[in-house]
Amino acid sequence: MTLFRQIQILITTILIVMLAAVLKINFDNTTEFIRNQMYSNAKNTANSVSLSLSPFTNDTTMMVTMINAMYDGGYYEEIRLTGNDGKDIYRVHQEPKIEGVPAFFVKLVKLETPAADAQISNGWNIAGKLTVKGHPGLSYIQLWDSFKYLCLSFIVIGGIAVAFSHVILKFLLSALVNIRKQAEAIGNNDFMINEKVPRTPELKQVVLAMNQMTGKVQSIYDREIDTLKKYQELLYRDQLTGLYNRKYFVNKLTEYIESESKNSDGEIALISFEGIDRAIAEVGHPNMRPFYDAVAKYMNDNFSSDGCLPSCFNRQELAAIMPALNQEDSAFKINGFIKWAKELIAANDRLADIITVKAGLTSYRYDETTAKVLSKADYALTVAKSMETGDVSRFNDSSNQMVLGKLEWKNMIETALAENRFILTSQAVTSPTGELHQEIFVNLKDENGNIQRAGFFMPMVVNLNLANNLDRYVLEKSVEYLTAKTDSTLAINITDVFLNDRASFSWFRQLLLGSKHLKERITFEISDNAINNNADICLDFAGLIKGLGFTFGVDRFAMSPKSLENLQKLKPNYIKIDYDYLIGSGEDADTAIHSLQTITESLGIKLIATKVENSELKTALENKNIKYFQGRGIADITPLNK
């Protein structure tokens with residue numbers, strides 16, 4: 001029960017007790033007054049009649065006539081004439097019938113009718129005694145009218161007082177409502193400042209103290225974010241161009257190759273500016289600044305969308321990852337850059353005859369290693385440098401990969417869905433207390449019975465607009481499994497394609513509503529890349545998930561400035577980050593990891609290290625206070641139904 005209701009009930013109770021006491025006192029006083037009035041009327045009547053009867057003490061008939069006349073003309077219960085011997089000379093009586101008053105009131109209120117006496121005398125001779133007892137009907141009517149008036153006054157005054165106290169309490173406690181909202185926000189790891197400071201000293205002190213505490217937490221959070229951003233700039237940014245460096249490029253390429261998404265296939269390019277050292281020697285570093293700024297701007301403008309990643313390895317070599325692109329599209333982008341770079345060089349007379357630009361292209365696939373892909377790209381670039389004509393060379397991959405047309409791919413995927421040949425596997429995430437959950441992966445059993453990883457089919461699934469069908473398949477199978485197995489918790493990846501489809505999002509909402517009994521045993525994951533590309537949609541997704549009581553996490557968290565800013569907006573329950581972002585040497589690395597842990601702990605986010613391949617790596621992470629792990633060194637990927 002809220003404080004407002006408690007105080008309102010207390011005030012109302014006190015008010016009712018007070019008004020009831022006043023009502024009782026007034027009613028008792030009115031009752032006593034009416035009793036006295038009844039006795040006074042009976043006494044006056046007895047005196048008046050006794051005087052009238054005094055001359056006729058010897059004429060009983062006349063006295064009876066006069067008593068009857070008085071009885072018939074008044075409202076009496078009884079008039080009695082008794083002699084000196086105490087015997088009745090004459091008595092007229094009627095049983096009192098109370099009309100115009102509810103029966104319950106008559107039963108509750110016992111109004112005793114008083115009797116008044118007067119002596120009848122003729123001179124010094126006392127002839128008898130006259131007793132008059134008034135009828136209580138009129139008194140009950142008068143008392144009932146008085147009671148109704150008191151009750152009406154009670155209700156009106158009580159209602160006005162309760163309404164007035166309600167308004168006053170609302171006003172006085174409005175500050176507590178804001179304090180409660182601020183406390184709830186802090187409990188939800190939201191650093192909200194209460195702008196409305198109440199005038200009441202006690203409440204004012206509370207609000208100011210909470211604002212001060214929230215401000216300190218926010219400043220700590222902001223400071224740690226800035227620390228991480230600076231660390232990212234030093235560790236993963238090229239200082240000359242501001243582009244990502246070779247280390248980040250390799251990490252991202254590895255992530256794409258190992259991903260269970262359309263990005264598992266794509267193209268990479270290595271670009272070399274031949275003669276750059278000579279140009280720097282001749283024109284100087286300051287004069288080369290505009291050249292590098294222009295190159296960096298072009299790369300950011302043309303190679304930073306749809307998951308593409310422009311990078312700078314050194315002052316001579318650039319690189320770009322182009323996920324989910326085919327050979328024709330990647331060649332078009334690189335040839336466009338070569339053409340633009342030649343025009344930039346030709347426009348500067350001091351560089352025109354010194355710098356040339358060459359590029360090597362190759363593809364990457366889900367079943368290749370990062371080292372192999374980079375070797376292919378290096379070889380293609382070496383060939384391009386040796387060519388007398390032409391500026392771009394492609395490595396001709398001779399792998400025996402399956403070559404299918406779009407229609408064949410479509411038929412294969414749809415048939416696999418119909419025949420339930422998509423197989424769910426899982427890998428456990430461990431916590432200090434045991435298993436946190438199992439992450440779901442999807443594989444395909446082809447027509448020959450071979451198991452294919454998601455990287456084999458996901459690019460075509462996305463390209464053929466079948467990603468939503470596969471996501472629904474995975475979600476439905478996972479819900480079926482959890483319904484049958486009551487001791488498991490699953491984490492299901494939701495693709496950005498699925499999130500961007502209104503019909504699928506609506507279907508997903510209905511699935512959640514029908515699966516609320518599983519909210520403790522099912523969690524959802526969205527990729528960091530999907531959040532960066534579709535922040536608004538992911539915010540809606542997070543609101544839906546949390547609103548229905550489910551949990552969600554961010555997969556493949558990249559620790560980029562944009563990713564760090566999104567953490568406070570989304571407030572996921574956990575983030576998964578590759579171990580190589582967490583393992584570093586030197587004081588700066590330790591500071592960065594500490595900052596990340598401070599941020600996640602302040603937001604109530606679990607930090608899960610992934611790709612942990614051996615116990616030595618786990619021990620190193622534990623020494624850095626990492627508590628949650630996933631990888632082949634922790635648990636193998638096994639069929640879900642095993």
Side-chain angles (χ1 to χ4, degrees), residues 232 236-238 241-273 292-313 317-341 357-366 368 370 373-374 376-378 380-381 392 394-395 455 458-460 462-463 467 495-497 500 526-535 537-538 555-563 566 578:
Q232 291 291 308
Y236 297 119
R237 289 283 184 180
D238 175 67
T241 61
L243 299 173
Y244 286 107
N245 60 16
R246 183 184 184 92
K247 181 178 178 64
Y248 191 85
F249 179 91
V250 172
N251 288 346
K252 204 68 177 177
L253 178 59
T254 303
E255 175 188 320
Y256 283 165
I257 290 174
E258 296 178 353
S259 69
E260 305 285 323
S261 68
K262 63 179 182 179
N263 293 337
S264 59
D265 281 9
E267 299 275 309
I268 71 166
L270 294 182
I271 304 166
S272 177
F273 289 103
Y292 281 112
D293 290 343
V295 170
K297 185 178 186 305
Y298 185 93
M299 294 293 285
N300 282 322
D301 291 345
N302 295 275
F303 289 87
S304 295
S305 60
D306 300 324
C308 292
L309 180 74
S311 301
C312 180
F313 287 1
E317 286 190 355
L318 301 175
I321 307 177
M322 296 167 283
L325 254 65
N326 55 37
Q327 294 184 10
E328 292 77 13
D329 292 337
S330 63
F332 179 79
K333 290 177 77 72
I334 294 302
N335 283 319
F337 173 79
I338 296 293
K339 180 181 178 182
W340 173 86
V357 58
K358 300 289 184 177
L361 271 171
T362 189
S363 61
Y364 69 86
R365 281 170 35 90
Y366 72 97
E368 294 180 305
T370 303
V373 174
L374 290 176
K376 293 192 300 180
D378 283 333
L381 180 59
V392 181
R394 170 175 288 280
F395 181 86
M458 277 305 296
M460 290 307 300
V462 174
N463 187 264
T495 64
D496 50 351
V497 177
N500 277 282
I526 48 179
S527 69
D528 187 47
N529 188 59
I531 296 171
N532 292 335
N533 293 332
N534 304 280
I537 294 175
C538 290
D555 193 21
R556 297 187 179 276
F557 188 74
M559 283 200 348
S560 66
K562 193 173 183 180
S563 302
N566 286 331
D578 290 350

Chi angles and distances behind the side chain to side chain contact (heavy atoms under 4.5 Å, CB included) call for Ile268, Leu374
CA-CA 9 Å; Ile268 71 166; Leu374 290 176; 4.3 Å; yes

Do Met322 and Asp329 have side-chain heavy atoms sitting under 4.5 Å apart?
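No - every pair of side-chain heavy atoms lies 4.5 Å or more apart.
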
Find out whether Trp340 and Asn302 are in side-chain contact, i.e. whether some heavy atom of one side chain is under 4.5 Å from a heavy atom of the other.
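Sidechains of Asn302 and Trp340: no contact.
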
Do the rings of Tyr298 and Phe337 sit parallel, tilted or perpendicular, given the 30° and 60° boundaries?
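It falls in the tilted class, 30° to 60°.
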
Any pair with a residue in residues 295-304 that passes salt bridge (charged side-chain N to carboxylate O under 4.0 Å, His left out), sequence neighbours left out, goes on the list, sorted by first then second residue, please.
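Qualifying pairs: Lys297-Asp301.
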
Who pairs with [X] by side chain to side chain donor-acceptor pair (under 3.5 Å), at least two apart in sequence or on another chain?
{"X": "Arg237", "answer": "Tyr244"}
{"X": "Thr370", "answer": "Thr254"}
{"X": "Lys376", "answer": "Glu368, Asp397"}
{"X": "Tyr364", "answer": "none"}

Short side-chain to backbone donor-acceptor contact, Asn529 and Asn532, under 3.5 Å
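Checked: no pair found.
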
Should Glu267 and Arg394 count as an ion pair when the cut-off is N to O under 4.0 Å?
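Looking at Glu267 and Arg394, the cut-off is met.
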
Stepwise side chain to side chain contact (heavy atoms under 4.5 Å, CB included) test for Glu317 and Leu381
CA-CA 10 Å; Glu317 286 190 355; Leu381 180 59; 3.8 Å; yes

Identify the heavy atoms of Leu361 and Ala331 that sit nearest to each other, and give their distance.
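Smallest interatomic distance, heavy atoms only, reads CD1-CA, 3.8 Å.
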
Results of salt bridge (charged side-chain N to carboxylate O under 4.0 Å, His left out) for Asp238 - residues two or more places apart only:
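Here no residue qualifies.
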
